[in-house]
Amino acid sequence: MPTFVAPADPLYTFLHALPKVELHCHLLGTVRRETFTHLVRRAGAAISDAEIEAFYTRGEKPVGVLRVLRALDAELIRSPDDLHRLTYEYLQDAAAHQVRYAEFFWNPTGTAQQSGLAYPQALGGIVRAIADAEADFGITGRLIAAIDREAPPAAATEMVEWVLAHRRDEVIGIGIDYREVDHPPEWFAPAYALARRGGLKTTAHAGEFGMPWNNVRTAIDVLQVDRIDHGYTVLENPALVRECADRGIVFTVVPTNSYYLRTLAPERWALDHPIRHMPAAGLRIHPNTDDPTLHHVNPTQAWAMMVRDFGFGAADLRSFLANGLDAAWIDDGTRRAWRTQWLAAFDQQLAPVQASAFAAAPP
């Protein structure tokens, strides 16, 4: 099981203070338990206390995250104000861990079909929350409109059309998520081509759920993405690994990813996890929370897992921080300024704690 460090641990103290970007987080996977409970009670939804407890319980073989996300869209989100609340609370929670810039996913198709909120209406609530959170907490939020790969490919193209017809500076690109099994990325090539023509950035979940490396290849060659989310099975193809390394493609990885917690033996989980081996193969990675409240993780703990579970040292973490800045969809001037400031902060804060902070890291 993942190692969560105590707030008094020098590693936690060091990592908590670091400025961070978050590039891989799903809005509906950030919902606080008390907010979820409130929405259930308000809606009179047929979700029992035991089911709510199960939604927020991660056992040794974690399951059920996707059903929570579907429940939110199907039964609980009823107005732009609900989306405002979810977005504002996520950005507040992220800012408390020194996340200064967050790109987060939202699936407009599910909200439109299940919640009955048209894209412009729903987007309005999210954009208001982004502005409010920046004013209140100093965090910059940007939205990635995500294709629901369990919906028909035509719905993906329609979703991109919504984004382009209602352009907002806060919506900077598209992604694709939900179950990768039996929903290969090539189905969605027309939607990605339309997004690129419209000037949107692109990413894709690929190589998750143990799905083959071919999906990573397709995301890069056919969808022509700017970065890859997860991408773990790329390691099964050394030639593709070398290509990704040569091109400097950044993989947004998730230390708490449910698939490997389910499929790897507990005593081997941290040793055999692809995240441990990706940098040694020359791949650029950046750690993220994915579905933080459902995974019982926060940005500080996600970074701490890179040390305590996967054995990375200070130099590795510094490179991961730089990778996140390089992969963020920000202007080059901001990137250069943040890179200078944040890496200097890393070096300054590391010096007095390095020996104690990394002493408990595995070999």
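FYI, the numbering just counts along the sequence from 1.
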side-chain hydrogen bond (donor to acceptor under 3.5 Å, both in side chains) evaluation trace for Thr202 with Gln224: CA-CA 8 Å; Thr202 58; Gln224 299 180 33; over 6 Å; no
Within-4.5 Å side-chain heavy-atom neighbours: Glu243 and Arg217: yes
Validation row, ring centre His24 to ring centre His286 under 6.0 Å: no
Heavy atoms of other groups near Gln348 CD, more than 12 under 6.0 Å: no
Residues Thr203 and Asp229: side-chain donor-acceptor under 3.5 angstrom: yes
Beyond-backbone contact of Ile172 with Leu200, side-chain heavy atoms, under 4.5 angstrom: no
Intermediate values then yes/no, side-chain hydrogen bond (donor to acceptor under 3.5 Å, both in side chains), His277 and Asp272: CA-CA 8 Å; His277 303 287; Asp272 295 341; 5.2 Å; no
side-chain contact (heavy atoms from CB on, under 4.5 Å) assessment of His84 paired with Asp132: CA-CA 9 Å; His84 178 282; Asp132 291 344; 2.8 Å; yes
Aromatic plane relationship, Phe14 with Phe346 - under 30° parallel, 30 to 60° tilted, over 60° perpendicular: perpendicular
Under 3.5 Å side-chain donor-acceptor pair for Asp136 and Gln92: no
Distance in Å, Glu236 CD paired with Asn214 CG, rounded so as to fall on 0.5 Å steps: 9.0 Å
Distance (rounded to the nearest 0.5 Å) between Arg308 CZ and Phe358 CZ: 8.5 Å
side-chain contact (heavy atoms from CB on, under 4.5 Å) between Ile275 and Met306, intermediate numbers included: CA-CA 9 Å; Ile275 289 176; Met306 302 298 281; 3.7 Å; yes
Pair Asp177, Asn107: side-chain N/O donor-acceptor within cut-off below 3.5 Å: yes
Matching residue for Asp326 among Arg336, Arg335, Arg284 - test: salt bridge (charged side-chain N to carboxylate O under 4.0 Å, His left out): Arg284
side-chain hydrogen bond (donor to acceptor under 3.5 Å, both in side chains) assessment of Asp93 paired with Asn298: CA-CA 8 Å; Asp93 292 344; Asn298 58 51; over 6 Å; no
CG/Asp246: more than 12 non-hydrogen atoms of other groups inside 6.0 Å: yes
Residue pair Thr35 / Arg85: nearest heavy atoms and the distance that separates them: OG1-NH2, 3.3 Å
Note, Trp329 side chain near Asp226 side chain (heavy atom, < 4.5 Å): yes
Axial cation check for Trp269 ring with Arg276, 6.0 Å and 45° limits: no
Nearest-0.5 Å distance that lies between atom OG1 in Thr300 and atom CD in Gln98: 8.0 Å
Reference residue Tyr192; test side-chain contact (heavy atoms from CB on, under 4.5 Å); the match among Ile147, Val222, Val160: Ile147
Carboxylate-amine/guanidinium proximity below 4.0 Å for Glu22 and Arg142: no
Under 3.5 Å side-chain donor-acceptor pair for Tyr101 and Glu103: yes
CZ on Arg128 to CG on Leu83, rounded to 0.5 Å: 9.5 Å
Student check: side-chain heavy atoms of Thr87 and Tyr90 closer than 4.5 Å: no
CA sep, side-chain torsions, deciding dist, call: Ile77, Leu28, side-chain contact (heavy atoms from CB on, under 4.5 Å): CA-CA 10 Å; Ile77 294 174; Leu28 299 191; 3.7 Å; yes
Ring center gap for Phe312 and Trp303 short of 6.0 angstrom: no
Intermediate values then yes/no, side-chain hydrogen bond (donor to acceptor under 3.5 Å, both in side chains), Thr252 and Asn288: CA-CA 7 Å; Thr252 65; Asn288 296 268; 4.6 Å; no
Sub-6.0 Å ring centroid separation between His183 and Phe209: no
Salt bridge flag under 4.0 Å for residues Asp82 and Arg42: yes
Any side-chain heavy-atom pair of Leu317 and Leu15 under 4.5 Å: yes
side-chain contact (heavy atoms from CB on, under 4.5 Å) partner of Ile228, the single match among Ile249, Val250, Val253: Ile249
Donor on one side chain, acceptor on other, Ser319 and Asp316, under 3.5 Å: no
Close side-chain approach of Thr233 and Pro212, heavy atoms under 4.5 Å: no
Tyr232 ring center within less than 6.0 Å of Tyr259 ring center: no
Ring centroid separation His295 to His26 under 6.0 Å: no
Smallest separation among heavy atoms of Ala102 and Ile139, with atom names: CB-CD1, 4.3 Å
Any side-chain heavy-atom pair of Ile285 and Pro279 under 4.5 Å: yes
Pairwise distance CG(Leu343) to CG(Leu325) - rounded to 0.5 angstrom: 7.0 Å
Residues Met305, Thr256; criterion side-chain contact (heavy atoms from CB on, under 4.5 Å); working and verdict: CA-CA 9 Å; Met305 287 176 64; Thr256 51; 3.7 Å; yes
Sub-4.5 Å side-chain heavy-atom contact between Gln301 and Pro2: no
CG on Asn323 to CZ on Arg227, rounded to 0.5 Å: 12.0 Å
Centroid-centroid under 6.0 Å between Phe4 and Tyr12 rings: no
